[in-house]
Number of protein chains: 2
Amino acid sequence: MTNPVLVEVLRGGIVESAHRGAVAVFDAAGRSVLEIGDVEQPVFPRSAVKAIQALPLVESGAADAYGFGNKELALACASHGGEPVHVDLAAAMLARAGLDGGALECGSHWPSHQDSTLALARAGGAPNDLHNNCSGKHSGFLCTCRHLGIGHRGYVAAGHRSQEMVRDAMQGVTGAAHEQANSGIDGCSIPTYAVPLKNLAVGFAKMLTGQGFSPSRAAAARRLTAACMAEPFYVAGTGRADTRLMQTAPGRIFVKIGAEGVYCAGVPELGFGIALKAGDGGERAAEVMVASVLGRLLEGDEALSKRLSGMARTPILNRRGVEVGVARPAEALLA
Amino acid sequence: MTNPVLVEVLRGGIVESAHRGAVAVFDAAGRSVLEIGDVEQPVFPRSAVKAIQALPLVESGAADAYGFGNKELALACASHGGEPVHVDLAAAMLARAGLDGGALECGSHWPSHQDSTLALARAGGAPNDLHNNCSGKHSGFLCTCRHLGIGHRGYVAAGHRSQEMVRDAMQGVTGAAHEQANSGIDGCSIPTYAVPLKNLAVGFAKMLTGQGFSPSRAAAARRLTAACMAEPFYVAGTGRADTRLMQTAPGRIFVKIGAEGVYCAGVPELGFGIALKAGDGGERAAEVMVASVLGRLLEGDEALSKRLSGMARTPILNRRGVEVGVARPAEALLA
């Protein structure tokens with residue numbers, strides 16, 4: 001099936017570009033709340049499932065052993081901007097386990113937060129693996145290995161115990177098979193598996209409510225998602241959509257972006273999980289989509305719904321800061 | 001109509017994202033060579049038409065009066081990376097007309113060439129309008145104003161003589177009406193007008209062959225496009241698709257990217273003009289599309305066609321430089 005246009009990008013009064021996509025909203029029992037486009041199609045969730053991938057960090061006892069609070073757990077679920085506070089906290093997490101940034105195998109890149117890149121360059125610095133947007137997640141993997149006495153070298157490989165634990169958690173939460181045939185390698189070198197949007201939505205309804213989980217998994221899932229909602233700066237950073245969305249209704253909205261236009265999200269008070277993808281991989285479209293869907297789901301709270309719908313309208317500015325266009329939800333997303 | 005999928009982005013063996021789009025290839029007489037998707041739909045060509053927008057610079061006599069050669073004319077048609085050599089040449093062009101960067105009204109941004117941004121930051125610098133990817137085009141506008149004795153302040157406005165000349169050139173070359181109703185404001189503050197892909201393709205066939213133009217316009221058009229093909233580094237810069245594509249067959253291929261997934265291009269020896277757009281605005285898709293179409297059109301030269309088709313396959317690397325996927329032409333683009 002051809003997914004509908006969900007986001008239009010206008011310049012002046014003319015649609016310049018358009019993004020198609022699919023949206024799945026389900027509860028933890030698998031009941032459909034909202035389906036747009038093909039919600040059965042497997043998609044790579046990429047970084048949108050970091051909270052699930054962090055379950056072993058909590059469930060193994062590593063998080064408690066190393067004294068991790070909300071900030072550390074939020075960073076373990078983050079695609080952070082590489083701002084100094086993110087980099088320092090990742091290093092501190094590793095230090096608790098007797099490691100440093102040299103143990104990371106995620107690869108390096110300049111901070112995605114531009115001002116941090118400029119500051120690093122001005123100081124004569126260069127990026128290392130701690131600046132990688134995934135360094136918090138990888139620090140979580142390494143801490144889990146250390147706590148369990150597992151050799152950490154090569155922890156990014158599919159056959160390493162670390163990634164087996166992550167895969168088991170992903171399969172348990174989503175109910176989808178994770179096999180070689182539906183796998184790929186993520187930007188940070190760990191395996192990623194294509195999972196239907198519907199399964200991701202049900203999985204995040206479970207993560208946010210604990211329904212359908214064992215008591216210990218329910219507690220770990222709620223602890224991780226609550227940490228993200230409590231410390232949204234550590235999940236993303238300055239100016240980022242995830243941080244702004246979670247800040248707009250503290251504790252009431254969970255969102256996490258993934259590369260190539262994916263979001264996993266949810267509203268605990270409603271018991272709904274959300275998974276969506278812009279089919280062309282456009283991040284700007286996914287941001288409009290998640291804000292718009294949240295606005296729809298929360299229409300019972302008129303003020304909040306209005307704020308969210310406002311955040312679904314992204315102005316396009318020219319190089320002098322004048323608004324010359326807008327990215328906005330298309331009819332099929334609002335109907 | 002729904003445009004077909006023209007580019008697939010794979011991770012492992014799985015299509016992770018896909019881009020739809022349209023491609024028009026026509027000759028200067030308006031004969032269709034290749035049409036994929038809706039070639040009648042108006043699109044904002046953005047920076048892809050800078051060579052047309054530079055016609056007044058040559059036709060007014062300003063380029064000759066200020067002694068501009070291929071490098072200056074290529075920069076006037078460029079979306080450059082803000083590398084020092086680009087910035088310096090834009091400043092030198094303005095100096096010939098007795099102006100400096102302060103006359104530019106394009107707005108500023110950090111160089112799109114990352115190493116140049118890092119070097120500028122390390123040197124304690126900050127970007128100005130000369131670093132804007134459009135500074136060469138704007139320097140051309142300003143030089144034209146000075147040569148003709150037109151006051152240059154406000155030269156970016158639709159009602160200024162500078163933009164009237166640009167609009168007249170665009171209408172003359174494309175044969176499409178340029179009116180308030182089909183206009184928007186570009187990132188560099190000048191007007192942009194939505195034009196059907198077909199008209200853009202015919203227009204670039206004319207630009208590259210001179211057919212259908214007056215002798216003086218034909219000479220100006222060939223001089224500008226030849227300058228771009230002779231100095232492709234000045235049209236884009238280090239590592240950029242436009243530069244690499246034009247370098248692969250010097251003087252035989254013209255390409256120019258525009259924001260939001262547009263390309264205008266052509267093959268002078270065949271007399272064909274090309275215009276295409278990825279409907280979602282994806283630049284990576286437009287780059288695959290233009291290389292693939294050029295490979296098809298030039299299949300008479302097997303070695304060159306193979307090189308171009310190879311350039312249509314863009315590896316996706318993880319943060320450790322390992323290839324984990326690829327962006328490649330989809331069936332509908334190859335058939």
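By convention in this document, chain letters (A, B, ...) are assigned in the order of the sequence lines, proteins followed by strands, and residues within each chain are numbered from 1.
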Out of [options], which one racks up the most heavy-atom pairs below 4.5 Å with chain B?
options                                : result
A:Gln41, A:His109, A:Arg20, A:Arg284   : A:His109
A:Gly184, A:Gly124, A:Ser189           : A:Ser189
A:Cys134, A:Ala18, A:Gly281, A:Gly13   : A:Ala18
A:Asp280, A:Val262, A:Ile316, A:Val324 : A:Asp280

Checking A:Arg320 against B:Val156 for the side chain to side chain contact (heavy atoms under 4.5 Å, CB included) test, could you report, in this order, the C-alpha distance in whole Å, the side-chain angles of both residues, the deciding distance, and whether it holds?
CA-CA 12 Å; A:Arg320 300 168 88 185; B:Val156 295; 3.9 Å; yes
Count the heavy atoms belonging to other residues, nucleotides or ligands that lie under 6.0 Å from CD of B:Glu323, then report whether that count exceeds 12.
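Yes, enclosed.
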Heavy-atom neighbours of A:Lys198 NZ exceed 12 at 6.0 Å
no
Heavy-atom proximity to chain A below 4.5 Å, by part of [X]:
X        : value
B:Ser108 : backbone
B:Glu8   : neither
B:Ala181 : backbone

Does B:Arg11 reach the main-chain N or O of A:Ile185 with its side chain, forming a donor-acceptor pair under 3.5 Å?
yes
Indicate yes or no for a side-chain donor-acceptor contact from A:Lys277 to the backbone of B:Ser17 under 3.5 Å, with no hydrogens or angles considered.
no
Taking the side chain as everything from C-beta on, heavy atoms only, tell me whether [X] gets closer than 4.5 Å to [Y].
X        : Y        : value
A:Cys188 : B:Arg319 : no
B:Glu16  : A:Val43  : no
A:Thr117 : B:Leu118 : yes

Part of A:Asn182 lying under 4.5 Å from any heavy atom of chain B:
both
Contact class of A:Ser183 relative to chain B, heavy atoms under 4.5 angstrom
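Only the backbone of A:Ser183 comes within 4.5 Å of chain B.
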In short, B:Ala194 meets A:Ile14 closest at the heavy-atom pair CB-CD1, 4.2 Å
